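Notes to accompany the following structure.
Everything numeric here is computed off the predicted structure, so don't read it as measured data.
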Amino acid sequence: MATKVYIVYYSMYGHVEKLAQEIKKGASSVEGVEVKLWQVPETLPEEVLSKMGAPPKTDAPFITPDELAEADGVLFGFPTRFGMMAAQFKAFMDATGGLWRTQALAGKPAGIFYSTGSQGGGQETTPLTSITQLVHHGMIFVPIGYTFGAGMFELEKVKGGSPYGAGTYAGDGSRQPSELELEQAFHQGKYFAGIAKKLKGAA
(Lines give C-alpha, C1' and ligand atoms only; values in the text may rest on other atoms or scores of the structure.)
Protein backbone atom coordinates (compact mmCIF):
# COMPACT_ATOMS: atom_id res chain seq x y z
CA MET A 1 0.00 0.00 0.00
CA ALA A 2 1.31 3.44 -0.94
CA THR A 3 2.58 5.91 1.63
CA LYS A 4 0.42 9.04 1.62
CA VAL A 5 2.25 12.33 2.07
CA TYR A 6 0.20 15.50 2.34
CA ILE A 7 1.72 18.93 1.75
CA VAL A 8 -0.49 21.43 3.54
CA TYR A 9 0.26 25.12 3.13
CA TYR A 10 -0.91 28.70 3.26
CA SER A 11 0.48 31.17 0.73
CA MET A 12 -0.67 34.76 0.33
CA TYR A 13 1.65 35.86 -2.49
CA GLY A 14 2.77 32.51 -3.91
CA HIS A 15 6.23 32.08 -2.39
CA VAL A 16 5.29 29.24 -0.05
CA GLU A 17 3.23 27.65 -2.80
CA LYS A 18 6.27 27.51 -5.10
CA LEU A 19 8.21 25.73 -2.38
CA ALA A 20 5.26 23.37 -1.88
CA GLN A 21 5.18 22.48 -5.57
CA GLU A 22 8.90 21.70 -5.56
CA ILE A 23 8.57 19.67 -2.36
CA LYS A 24 5.85 17.68 -4.07
CA LYS A 25 8.19 16.88 -6.95
CA GLY A 26 10.82 15.65 -4.50
CA ALA A 27 8.40 13.53 -2.51
CA SER A 28 6.86 12.10 -5.69
CA SER A 29 10.30 10.92 -6.81
CA VAL A 30 10.26 8.30 -4.05
CA GLU A 31 8.76 5.04 -5.28
CA GLY A 32 5.61 3.94 -3.49
CA VAL A 33 4.72 7.42 -2.24
CA GLU A 34 1.54 9.29 -3.18
CA VAL A 35 1.68 13.06 -2.69
CA LYS A 36 -1.13 15.59 -2.54
CA LEU A 37 -1.04 19.39 -2.25
CA TRP A 38 -3.60 21.08 0.01
CA GLN A 39 -4.27 24.70 0.95
CA VAL A 40 -5.68 25.83 4.29
CA PRO A 41 -8.69 28.18 4.15
CA GLU A 42 -8.19 31.92 3.89
CA THR A 43 -9.44 33.98 6.83
CA LEU A 44 -9.24 37.44 5.27
CA PRO A 45 -12.10 38.83 3.16
CA GLU A 46 -11.53 39.31 -0.57
CA GLU A 47 -11.74 43.10 -0.18
CA VAL A 48 -8.77 43.09 2.20
CA LEU A 49 -6.77 40.66 0.07
CA SER A 50 -7.36 42.84 -2.97
CA LYS A 51 -6.04 45.93 -1.18
CA MET A 52 -2.98 43.93 -0.12
CA GLY A 53 -2.30 42.99 -3.74
CA ALA A 54 -2.69 39.27 -3.12
CA PRO A 55 -3.24 37.22 -6.30
CA PRO A 56 -6.18 34.79 -6.61
CA LYS A 57 -5.77 31.38 -4.99
CA THR A 58 -4.72 28.50 -7.21
CA ASP A 59 -6.78 25.36 -7.77
CA ALA A 60 -5.15 23.26 -5.02
CA PRO A 61 -8.02 21.92 -2.88
CA PHE A 62 -8.72 23.28 0.59
CA ILE A 63 -8.22 20.77 3.37
CA THR A 64 -10.41 20.16 6.41
CA PRO A 65 -8.82 19.21 9.74
CA ASP A 66 -10.22 15.67 9.65
CA GLU A 67 -8.56 14.99 6.30
CA LEU A 68 -5.15 15.33 7.95
CA ALA A 69 -5.67 11.96 9.62
CA GLU A 70 -5.71 10.23 6.21
CA ALA A 71 -2.02 11.02 5.64
CA ASP A 72 0.93 8.88 6.70
CA GLY A 73 3.06 12.04 6.90
CA VAL A 74 2.47 15.79 6.58
CA LEU A 75 4.63 18.72 5.52
CA PHE A 76 3.30 22.07 6.74
CA GLY A 77 4.20 25.32 4.95
CA PHE A 78 3.43 28.95 5.78
CA PRO A 79 4.81 32.50 5.68
CA THR A 80 5.99 34.18 8.86
CA ARG A 81 4.26 36.95 10.74
CA PHE A 82 6.55 38.56 13.32
CA GLY A 83 8.67 35.42 13.56
CA MET A 84 5.78 32.96 13.89
CA MET A 85 3.38 31.13 11.57
CA ALA A 86 0.79 33.28 9.81
CA ALA A 87 -2.59 33.60 11.53
CA GLN A 88 -4.35 31.81 8.69
CA PHE A 89 -2.36 28.66 9.34
CA LYS A 90 -2.68 29.01 13.11
CA ALA A 91 -6.45 29.25 12.67
CA PHE A 92 -6.38 25.95 10.80
CA MET A 93 -4.28 24.30 13.51
CA ASP A 94 -6.64 25.69 16.16
CA ALA A 95 -9.44 23.78 14.43
CA THR A 96 -7.68 20.41 14.88
CA GLY A 97 -8.89 19.97 18.45
CA GLY A 98 -10.87 16.88 17.52
CA LEU A 99 -7.75 15.20 16.17
CA TRP A 100 -5.84 16.21 19.29
CA ARG A 101 -8.52 14.73 21.53
CA THR A 102 -8.22 11.33 19.85
CA GLN A 103 -4.47 11.71 19.13
CA ALA A 104 -5.25 10.74 15.53
CA LEU A 105 -1.98 12.27 14.31
CA ALA A 106 0.25 10.78 17.01
CA GLY A 107 3.26 8.93 15.63
CA LYS A 108 2.98 10.46 12.16
CA PRO A 109 6.04 12.27 10.77
CA ALA A 110 5.76 16.01 10.12
CA GLY A 111 7.99 18.60 8.48
CA ILE A 112 7.95 22.39 8.16
CA PHE A 113 8.82 24.86 5.38
CA TYR A 114 8.34 28.60 5.29
CA SER A 115 8.90 32.05 3.82
CA THR A 116 10.10 35.25 5.51
CA GLY A 117 10.44 38.82 4.37
CA SER A 118 14.05 39.34 5.41
CA GLN A 119 17.15 37.56 6.68
CA GLY A 120 16.34 38.47 10.27
CA GLY A 121 12.64 37.86 9.78
CA GLY A 122 12.23 34.38 11.25
CA GLN A 123 14.05 31.72 9.23
CA GLU A 124 14.63 29.80 12.47
CA THR A 125 12.07 31.23 14.90
CA THR A 126 9.16 30.48 12.56
CA PRO A 127 9.71 26.71 12.45
CA LEU A 128 10.96 26.62 16.05
CA THR A 129 7.81 28.21 17.45
CA SER A 130 5.65 26.01 15.22
CA ILE A 131 6.98 22.74 16.62
CA THR A 132 4.64 23.18 19.61
CA GLN A 133 1.73 22.39 17.29
CA LEU A 134 3.31 19.06 16.35
CA VAL A 135 4.23 18.18 19.93
CA HIS A 136 0.68 18.47 21.24
CA HIS A 137 -0.50 16.18 18.46
CA GLY A 138 2.24 13.65 19.24
CA MET A 139 3.71 13.99 15.74
CA ILE A 140 7.35 13.18 14.97
CA PHE A 141 9.21 16.27 13.76
CA VAL A 142 11.50 15.49 10.81
CA PRO A 143 14.00 18.30 10.18
CA ILE A 144 16.33 18.15 7.20
CA GLY A 145 19.39 18.79 9.37
CA TYR A 146 22.39 19.28 7.10
CA THR A 147 21.43 16.49 4.69
CA PHE A 148 21.22 19.01 1.84
CA GLY A 149 25.02 19.10 1.88
CA ALA A 150 27.05 21.99 0.50
CA GLY A 151 23.93 24.03 -0.21
CA MET A 152 23.46 24.48 3.54
CA PHE A 153 26.72 26.41 3.72
CA GLU A 154 26.15 28.83 0.83
CA LEU A 155 27.40 32.30 1.81
CA GLU A 156 27.84 34.07 -1.52
CA LYS A 157 24.15 34.05 -2.43
CA VAL A 158 21.06 34.93 -0.44
CA LYS A 159 19.44 31.63 0.55
CA GLY A 160 16.53 30.85 2.82
CA GLY A 161 16.03 27.63 4.74
CA SER A 162 17.73 26.09 7.74
CA PRO A 163 18.23 22.69 9.38
CA TYR A 164 14.54 22.95 10.33
CA GLY A 165 13.36 22.89 6.72
CA ALA A 166 13.28 24.58 3.33
CA GLY A 167 12.69 28.30 3.21
CA THR A 168 12.77 31.36 1.02
CA TYR A 169 12.96 35.14 1.29
CA ALA A 170 10.06 37.10 -0.18
CA GLY A 171 11.52 40.56 0.35
CA ASP A 172 8.92 43.11 -0.69
CA GLY A 173 7.13 40.33 -2.56
CA SER A 174 8.98 40.73 -5.84
CA ARG A 175 11.74 38.24 -5.02
CA GLN A 176 10.92 34.67 -5.99
CA PRO A 177 12.48 31.45 -4.62
CA SER A 178 15.96 31.00 -6.06
CA GLU A 179 17.18 27.91 -7.86
CA LEU A 180 19.11 26.84 -4.75
CA GLU A 181 16.07 27.34 -2.52
CA LEU A 182 13.96 25.24 -4.88
CA GLU A 183 16.64 22.54 -4.89
CA GLN A 184 16.51 22.49 -1.10
CA ALA A 185 12.73 22.21 -1.23
CA PHE A 186 12.98 19.26 -3.63
CA HIS A 187 15.50 17.66 -1.28
CA GLN A 188 13.20 18.13 1.70
CA GLY A 189 10.32 16.46 -0.12
CA LYS A 190 12.44 13.49 -1.17
CA TYR A 191 14.11 13.14 2.23
CA PHE A 192 10.83 13.40 4.15
CA ALA A 193 9.00 10.97 1.87
CA GLY A 194 11.74 8.40 2.35
CA ILE A 195 11.40 8.62 6.12
CA ALA A 196 7.59 8.50 6.00
CA LYS A 197 7.83 5.39 3.83
CA LYS A 198 10.23 3.71 6.27
CA LEU A 199 8.00 4.48 9.24
CA LYS A 200 4.92 3.15 7.50
CA GLY A 201 6.79 -0.01 6.51
CA ALA A 202 7.92 -0.58 10.09
CA ALA A 203 4.46 -0.13 11.56
Side-chain angles (χ1 to χ4, degrees), residues 5-27 35-68 71 74-96 110-134 137 143-144 158-162 164-186 188-189 192:
V5 170
Y6 283 2
I7 301 169
V8 181
Y9 68 92
Y10 172 75
S11 188
M12 179 175 284
Y13 295 107
H15 299 82
V16 173
E17 186 164 58
K18 285 188 177 178
L19 292 181
Q21 291 167 346
E22 204 64 25
I23 287 172
K24 181 184 179 184
K25 292 177 186 176
V35 191
K36 187 168 184 178
L37 284 176
W38 298 89
Q39 299 183 73
V40 302
E42 179 61 74
T43 59
L44 293 176
E46 284 296 329
E47 181 183 359
V48 173
L49 290 170
S50 177
K51 289 180 178 178
M52 295 175 72
K57 300 296 182 189
T58 58
D59 58 1
F62 289 94
I63 194 169
T64 63
D66 287 346
E67 286 172 309
L68 277 179
V74 187
L75 283 150
F76 298 106
F78 34 78
T80 189
R81 298 292 184 268
F82 301 111
M84 301 174 70
M85 69 167 61
Q88 288 89 339
F89 207 92
K90 182 60 166 59
F92 173 76
M93 295 304 295
D94 286 349
T96 61
I112 296 171
F113 60 101
Y114 46 87
S115 170
T116 70
S118 63
Q119 294 189 53
Q123 286 286 316
E124 290 198 56
T125 61
T126 302
L128 178 61
T129 54
S130 301
I131 291 173
T132 58
Q133 311 292 314
L134 313 182
H137 278 290
I144 60 171
V158 174
K159 183 192 79 69
S162 71
Y164 292 92
T168 188
Y169 293 113
D172 62 1
S174 61
R175 182 187 186 275
Q176 296 300 313
S178 69
E179 183 178 342
L180 187 58
E181 289 169 340
L182 293 175
E183 287 174 5
Q184 186 177 39
F186 182 95
Q188 181 175 15
F192 180 86

* Pairs where residues 164-183 contributes a residue and the test ring pair (Phe, Tyr, Trp, His ring centres under 6.0 Å) is met, not counting sequence neighbours -> none

* Between NE2 on residue His137 and OG1 on residue Thr96, distance to nearest 0.5 Å -> 3.0 Å

* Asked: Closest approach of Thr129 and Thr132, non-hydrogen atoms and distance?
  -> O-OG1, 3.1 Å

* Electrostatic pair Arg175-Glu181, nearest N-O below 4.0 angstrom -> yes

* **Residue pair Tyr114 / Pro127: nearest heavy atoms and the distance that separates them** => CE2-CG, 3.7 Å

* To do: Consider only side-chain N and O atoms of Glu124 and Ser162, and report whether a donor and an acceptor are under 3.5 Å apart.
  => no

* Asked: Is a side-chain donor or acceptor of Gln39 paired with a backbone partner of Thr58 at a separation under 3.5 angstrom?
  -> yes

* Are Leu37 and Tyr9 side-chain neighbours, meaning at least one heavy-atom pair lies under 4.5 Å? -> yes

* Taking the side chain as C-beta and beyond, is there a heavy-atom pair between Thr80 and Thr125 under 4.5 Å? -> no

* Asked: With sequence neighbours left out, what residues match Glu42 under side chain to side chain donor-acceptor pair (under 3.5 Å)?
  -> Tyr10, Lys57, Gln88

I'd like a table of donor-acceptor pairs (distance under 3.5 Å, sequence neighbours excluded) in which one partner is a side-chain atom from residues 43-50, with atom names and distances.
none

* Do we see a donor-acceptor contact under 3.5 Å between the side chains of Asp66 and Thr64? -> no

Report, one line per pair, each donor and acceptor closer than 3.5 Å where one atom sits in a side chain of residues 18-25; sequence neighbours left out.
residue, atom, partner, partner atom, Å
Lys18, NZ, Gln176, OE1, 2.7
Glu22, OE1, Lys25, NZ, 3.4

* Report the residues that fulfil ring pair (Phe, Tyr, Trp, His ring centres under 6.0 Å) with Phe89, sequence neighbours left out, ordered by chain and then residue number. => Phe76, Phe78

* Is there a side-chain contact between Lys90 and Arg81, using heavy atoms and a 4.5 Å cut-off? -> no

* Distance-minimising heavy-atom pair for Pro177 and Leu182 -> CB-CD2, 3.8 Å

* Asked: Hey, does the side chain of Glu17 reach the backbone of Ser11 with a donor-acceptor pair shorter than 3.5 angstrom?
  -> no

* Just by modelled atom types, is the Gln123 backbone N or O under 3.5 Å from a matching donor or acceptor in the Thr126 side chain? -> no

* Asked: Does some side-chain heavy atom of Gln133 sit less than 4.5 Å from a side-chain heavy atom of Met85?
  -> yes

* Structure fact -> Pro41 and Phe92 have their tightest heavy-atom pair at CD-CD1, 4.2 Å

* **Residue pair Pro61 / Lys36: nearest heavy atoms and the distance that separates them** => CG-CE, 4.1 Å

* Structure fact -> When rounded to the nearest 0.5 Å, the distance separating CD1 of Ile112 from CD1 of Ile144 is 12.0 Å

* **With Tyr6 via ring pair (Phe, Tyr, Trp, His ring centres under 6.0 Å) - residues at least two apart** => Trp38

